[in-house]
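Next up is a structure, given as structure tokens.
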Amino acid sequence: MKSEPETFGIAELERMGTSPWDGVRNYTSRNFMRAMAPGDRVLFYHSNASPSGIAGLAEVARTAYADHTSWDPASPYFDAKSSPANPRWSMVDVRFIRAFPRLLALDELRRVPELTGMLLFHNTRLSVTPVATPCMDIILRLAAS
DNA sequence: GCCAACGTTGGC
DNA sequence: GCCAACGTTGGC
């Protein structure tokens with residue numbers, strides 16, 4: 001799951017413990033969130049950063065529910081086509097597990113042959129993408145090395 | 001700040 | 001339902 005660290009980074013999640021992952025306004029990403037189950041591991045990716053990359057590990061704490069920021073006119077994520085009666089957008093809750101001792105930069109990840117199939121590299125505009133278990137294991141091992 | 005990729009909108 | 005125009009994301 002991607003977030004711009006200037007807006008919401010791994011440090012904020014650590015401070016909060018558990019946080020709603022609100023503001024996703026892309027159907028593909030929303031659907032990936034709807035498919036998540038509590039306990040699913042989440043890689044926290046810092047986008048639009050220098051460098052961008054994976055900053056830590058979290059987990060899904062609550063299955064998808066309506067993203068109420070979508071009908072809040074004061075929210076930057078407001079969507080006039082969403083309402084409490086007809087919520088268009090969803091979010092999950094995410095719980096902090098750990099920050100990696102070092103950032104796994106996009107550049108480094110791209111050079112790992114076993115990871116080349118990751119949707120992260122192929123649809124760079126998706127803020128939520130699934131990670132295959134073998135990729136997850138490789139990444140967690142990289143983070144520990 | 002530029003630009004490529006791509007999702008969304010809306011006219012027809 | 002097509003597709004051009006436009007907006008957004010995100011790497012660099």
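The structure presented is a predicted model; accordingly, all values stated were derived computationally and were not measured. Each chain gets a letter, A, B and so on, in the order the sequences are listed, and its residues count up from 1.
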From dC12(C), dT9(B), dG10(C), nucleotide with atom closest to K81(A) side chain | dT9(B)
Salt bridge check: are D137(A) and R141(A) linked by an N-O gap of less than 4.0 Å?
-> no
Looking only at non-hydrogen atoms, find the nearest pair between A64(A) and M33(A) and report the distance.
-> CB-O, 4.0 Å
Kindly say if Y27(A) contacts the phosphate of dT9(B), meaning a side-chain N or O under 4.0 Å from OP1 or OP2.
-> no
Where the side chain of R41(A) meets the backbone of V131(A), is there a donor-acceptor pair that is under 3.5 Å apart?
-> no
Does T124(A) place a side-chain N or O at less than 4.0 Å from the phosphate oxygens OP1/OP2 of dG10(C)?
-> no
Can R25(A) and T69(A) be said to form a side chain to side chain donor-acceptor pair (under 3.5 Å), step by step?
-> CA-CA 11 Å; R25(A) 296 294 178 265; T69(A) 64; 3.0 Å; yes
Looking only at heavy atoms, the pair that brings S145(A) and R102(A) closest together is O-NE, 3.3 Å
Could you check whether F121(A) gets within reach of a base, just the sugar-phosphate, or nothing at all, counting any heavy atom under 4.0 Å?
-> nothing
OP1 or OP2 of dT9(C) under 4.0 Å from side-chain N/O of K2(A) | no
Relative to the 5' end of DNA chain B, which residue comes earlier, N48(A) or H122(A), by the nucleotide with the nearest heavy atom?
-> N48(A)
Of all heavy-atom pairs between R98(A) and L140(A), which one has the smallest distance, and what is that distance?
-> NH2-CD2, 4.2 Å
Classify every nucleotide of nucleotides 3-8 of chain C by which part a protein heavy atom approaches to under 4.0 Å, writing B for the base, S for the sugar-phosphate alone and - for neither, in 5'-to-3' order.
-> ----BB
Write down the distance between CG (L126(A)) and P (dT9(C)), rounded to a whole number of angstrom.
-> 12 Å
Please check if the side chain of S52(A) supplies one atom and the backbone of L106(A) the other of a donor-acceptor pair under 3.5 Å.
-> no
Quick one: closest heavy-atom pair of S29(A) and V24(A), and the distance?
-> CB-CG1, 3.5 Å
Flag the pair W89(A) / Y65(A) as yes when their ring centroid distance falls below 6.0 Å, and as no otherwise.
-> no
Given atom CE of M118(A) and atom P of dG11(C), what is their separation to the nearest angstrom?
-> 13 Å
In whole angstroms, the gap separating C1' of dG10(C) from CG of L120(A) amounts to 11 Å
Give the angle between the helix axes at the two ends of the helix from dG1(B)-dC12(C) to dC12(B)-dG1(C), taking five base pairs at each end and rounding to 10°.
-> 10°
How close or far is atom P of dG10(C) from atom CD1 of I54(A), stated in whole angstroms?
-> 14 Å
